[in-house]
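Here the structure is laid out as structure tokens; the discussion comes afterwards.
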Amino acid sequence: MTNDRLPHFVIIGAVKGATTWIHNQLQDNPAIYLPAPEPHFFSQDHARGLDHYRRFFDGARPDQMLGEKSADYLAHPDAPARLAAVLPRARLVVQLRNPVDRAYSDYKMLFRRGTVTKGPEHYLDGRPSDQPRFLEDGLYARHLRRWLTHFDAEQIKVLLFEDVKAAPEASVAIVSDHIGAPCHYSTQVGADPRNDSSERFLPLPVRTALAPLKEAVRPLRGNAMFEKVRGMFARQIAYPPLPAMLRQRMVDYYARDIADLEELIGRDLSHWRQDRKLAA
């Protein structure tokens, strides 16, 4: 029988904003149910219908609050109207990261997947490219204004990546209060929202060959023997660096949107407009 319940809250982005960390913290809360995969229903899979979406929550207990995370919702042009039509009272959570860092991190993710093969200057210098998401997904004010045409401002809680990194437990408490759930902070999930580009990965040809087995081996992750064998072959990826001059061009690209975002959320974001060494 299809689940008739729908989410009370949604983490809508941003991509590469450490939203997986806050998802995992909330998922560890016994009072909350979040599906492990991102549904992407209001972005990529809307045509599959509401019954498809409901199935993501079939494993929830009757007493659990339902939520989901699909980080691509924030920048998707149709997601706000679609989500508002189904979940008009939803509590929304947005986690934003310095847009320059976010764009480069997004580039590195697709680089390690083999989706992009050229250096960052080909995609991040402001000229049209075949990956416009790298730059455009970081135009946060533009995207938030679209959401605010469909939701009241009090329904949307905006977090900054650096706040979460500096005070992770307090950040979980803020989100829990916003969605109306009892606060539960997990030290096992980890205190530090990390950038996964520093992790070690199997060589791309091996990852490609093993892709069909990804779900089958998922339960083995964390097993000592499995991790030992994986560690014998995994290597940290050497990403093409982000040149200082390109970084400055990106800072300039985002300057106007950052100023707009400051007014929108009432935060001083001058540190985002300063050219500094990219954080790990």
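Just so it is clear, the structure is predicted and the values come from calculations on it, not from any experiment.
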Within the structure provided, determine whether Arg145 and Thr149 are in side-chain contact (heavy-atom separation under 4.5 Å).
no
Distance-minimising heavy-atom pair for Arg102 and Ala14:
CD-CB, 4.4 Å
What pairs with Glu263 under side chain to side chain contact (heavy atoms under 4.5 Å, CB included), at least two apart in sequence or on another chain?
none
Can you list the residues that meet the side chain to side chain donor-acceptor pair (under 3.5 Å) rule with Arg142, with sequence neighbours excluded?
none
Assess whether a salt bridge exists between Arg55 and Asp58, defined as any Lys/Arg side-chain N lying under 4.0 Å from an Asp/Glu carboxylate O.
no
Going by ring-ring contact (aromatic ring centres under 6.0 Å, His included), name the residues that satisfy it together with Tyr253, two or more places apart in sequence or in a different chain.
none
Closest heavy-atom pair and its distance - Pro99, Ile258
CG-CD1, 4.0 Å
Who pairs with Phe41 by ring-ring contact (aromatic ring centres under 6.0 Å, His included), at least two apart in sequence or on another chain?
His46, Tyr53
Strictly distance-based, threshold 3.5 Å: is any side-chain N or O of His23 a donor or acceptor partner for the main-chain N or O of Pro35?
yes
Is Val94 reachable from Val15 through a run of I, L, V, M, F, W or Y residues, each pair having side-chain heavy atoms under 4.5 Å apart?
no
Taking side chain as C-beta onward, heavy atoms only, is Leu26 less than 4.5 Å from Phe9?
yes
Can you sort out the partners of His150 under ring-ring contact (aromatic ring centres under 6.0 Å, His included), two or more places apart, ordered by chain and number?
none
Applying side chain to side chain donor-acceptor pair (under 3.5 Å) between Tyr73 and each of His143, Glu68, Gln44, report the one that passes.
Glu68
Could you walk me through whether Val164 and Ile22 pass the side-chain contact (heavy atoms from CB on, under 4.5 Å) check?
CA-CA 9 Å; Val164 176; Ile22 195 68; 5.8 Å; no
Does either side chain, that of Asp252 or that of Gln248, offer a donor lying less than 3.5 Å from an acceptor on the other one?
yes
Are any of the side-chain heavy atoms of Leu160 and Leu269 separated by less than 4.5 Å?
yes
Show which side-chain atoms of residues 131-139 pair as donor or acceptor with protein atoms under 3.5 Å away, not counting sequence neighbours.
from	atom 1	to	atom 2	distance (Å)
Arg133	NE	Asp106	OD2	3.0
Arg133	NH2	Asp106	OD1	2.6
Arg133	NH2	Asp106	OD2	3.4

Would you please classify the geometry between the His52 ring and the Phe56 ring as parallel, tilted or perpendicular, with 30° and 60° separating the classes?
perpendicular
Per the salt bridge (Lys or Arg N to Asp or Glu O under 4.0 Å) rule, what does the pair list look like for residues 121-130, sequence neighbours excluded?
Asp125-Arg127
Arg146 side-chain N/O to Ala75 backbone N/O, donor-acceptor pair under 3.5 Å:
yes
Okay, side chain of Gln25, backbone of Ser186: is any donor-acceptor separation there less than 3.5 Å?
yes
Please determine whether residues Tyr123 and Met245 belong to a single hydrophobic cluster, defined as Ile, Leu, Val, Met, Phe, Trp and Tyr linked transitively by side-chain heavy-atom distances below 4.5 Å.
no
Between the side chains of Glu162 and Trp272, does any donor sit under 3.5 Å from an acceptor?
yes
Say whether, by atom type as modelled, one donor and one acceptor occur between the side chain of Arg247 and the main chain of Val100 under 3.5 angstrom.
no
Asp45 side-chain N/O to His40 backbone N/O, donor-acceptor pair under 3.5 Å
no
What heavy-atom pair brings Arg5 and Ala60 nearest, and what distance separates the two atoms?
NH1-CB, 4.3 Å
All side chain to side chain donor-acceptor pair (under 3.5 Å) counterparts of Asp177, not counting sequence neighbours:
none
Does any part of the side chain of Arg91, heavy atoms only, come nearer than 4.5 Å to the side chain of Glu154, both counted from C-beta?
yes
Output side-chain donor-acceptor pairs under 3.5 Å for residues 166-176, partner residues at least two apart or in another chain, one line each.
from	atom 1	to	atom 2	distance (Å)
Ser171	OG	Ala167	O	2.9
Ser176	OG	Val172	O	2.8

Residue pair Gln27 / Ile32, side-chain heavy-atom distance below 4.5 Å:
no
Is there a side-chain contact between Asn98 and Phe161 (heavy atoms, below 4.5 Å)?
no
Listing, residues 78-86 side-chain donor-acceptor contacts under 3.5 Å, not counting sequence neighbours, or none:
from	atom 1	to	atom 2	distance (Å)
Arg82	NH1	Phe42	O	3.3
Arg82	NH1	Ser43	O	3.0

Restricting to pairs with a member in residues 21-37, which pass salt bridge (Lys or Arg N to Asp or Glu O under 4.0 Å), not counting sequence neighbours?
none
I need the minimum non-hydrogen distance between Gly17 and Arg97, along with the two atoms involved.
CA-CB, 4.2 Å
Nearest heavy-atom contact between Lys69 and Leu34 is N-CD2, 4.5 Å
Under the ring-ring contact (aromatic ring centres under 6.0 Å, His included) test, which residues partner His76, sequence neighbours left out?
none
